[in-house]
Undergrad: 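Could you have a look at this structure, given as structure tokens, before my questions?
Residue numbers count from 1 along this sequence. Every heavy atom of this structure was used, including side-chain atoms; hydrogens, water molecules and symmetry mates were not. Numbering of ligands and ligand atoms starts at 1, following listing order.
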Amino acid sequence: MNILNIDSSDLARRMRVQALQMVHRAKASHIGSALSICDIVAVLYAQTLKLAPREPTAPWRDRFILSKGHACVAVYAALAETGFFPIKDLLTYGQDHSALMNHISHKVLGVEFSTGSLGHGLPFGAGKALAAKRLKQDWRTFVLLSDGELGEGSNWEAMMFAAHHHLNNLVAIVDYNKLQSLTTVDKTLRIEPLADKARAFGWAVHEVDGHDHRALRKLFSQLNLKAGKPSFLIAHTIKGKGVSFMENSVEWHYKSPSTDQLALALGELNHA
Ligand SMILES: Cc1ncc(C[n+]2csc(CCOP(=O)(O)OP(=O)(O)O)c2C)c(N)n1
């Protein structure tokens, strides 16, 4: 089946540890955004995606696109922890001449598409899904979006396009943590009623707790890809999940943890 079938909870914990260390070392931003998606990304890499870490461009692989490219440390950590490249390479994150840039880069083994300017992952993913159909290939395309990103009109164009072409091999997952960079999504540009909107655009809609591994695994394995519709998964999450003082706190969109804060955070993750 080419699914890794490893423990997703352990992977998510290791990803959080790596993400915190990377952001601290590089004095970078977006740790809250990365912690928000660790469980979703871990369940995808550990138990959902068909992939081969030693053959990152295997033609049959499922495609995963991180559209909220600012949360790249979560994906870099997942790729290193599952063997796409050496874990020690994570030490170069955010440094001059490193492939591991502060927004996700396709120069990193296992990354399909560079993003960072929000609103590009879903249009690209829809094109990939259409290509798979035209090539009569059965690989699927998963795109992970942020909630604030839905303010970009390109997503809604891609949603019309995907429904029009019956792209049942396309899965959009919205990391619905309800926060943006400076305040809530609701105060910035309201996206509710999100499920109704996605349904009206012709997608099959599901809602899930984005930190519940069992629920995520079940949902990913039961997607009705034969229904002739693309799938829109609304994953309810907490920005900063896993580190108590970062949870639901907008300041951790930009702030980088100090040495003391890093130690506290790692302690909470049982990583002394
Ligand atoms: C087109 C574009 N406009 C603005 C930005 C700057 N920016 C970076 S992250 C962000 C919003 C963060 O909120 P959200 O998209 O909900 O992601 P979260 O970090 O909460 O997961 C913005 C506006 C960008 N990256 N791309």
Undergrad: Centroid-to-centroid, Y176 to H236, below 6.0 Å?
TA: yes
Undergrad: Enumerate the protein residues lying less than 4.0 Å from ligand 1, judged by heavy-atom distances, in chain and residue-number order.
TA: S33, K68, H70, G116, S117, L118, S146, D147, G148, E149, E152, D175, N177, L179, Q180, S181, K239, H253
Undergrad: Does the separation of the ring centres of F113 and F124 fall below 6.0 angstrom?
TA: yes
Undergrad: Scan the side chains in residues 21-29 for donor-acceptor partners under 3.5 Å anywhere in the protein, sequence neighbours excluded, and list what turns up.
TA:
| unit_1 | atom_1 | unit_2 | atom_2 | d |
| --- | --- | --- | --- | --- |
| H24 | ND1 | P257 | O | 2.8 |
| S29 | OG | Y254 | O | 2.9 |

Undergrad: State whether the side chain of T48 and the backbone N or O of V43 hold a donor-acceptor pair below 3.5 Å, judged by distance alone.
TA: yes
Undergrad: Is any side-chain N of the basic residue among E81 and R14 closer than 4.0 Å to the acidic one's carboxylate O?
TA: yes
Undergrad: State which residue, out of W156, F232, F161, fulfils the ring-ring contact (aromatic ring centres under 6.0 Å, His included) condition with F201.
TA: W156
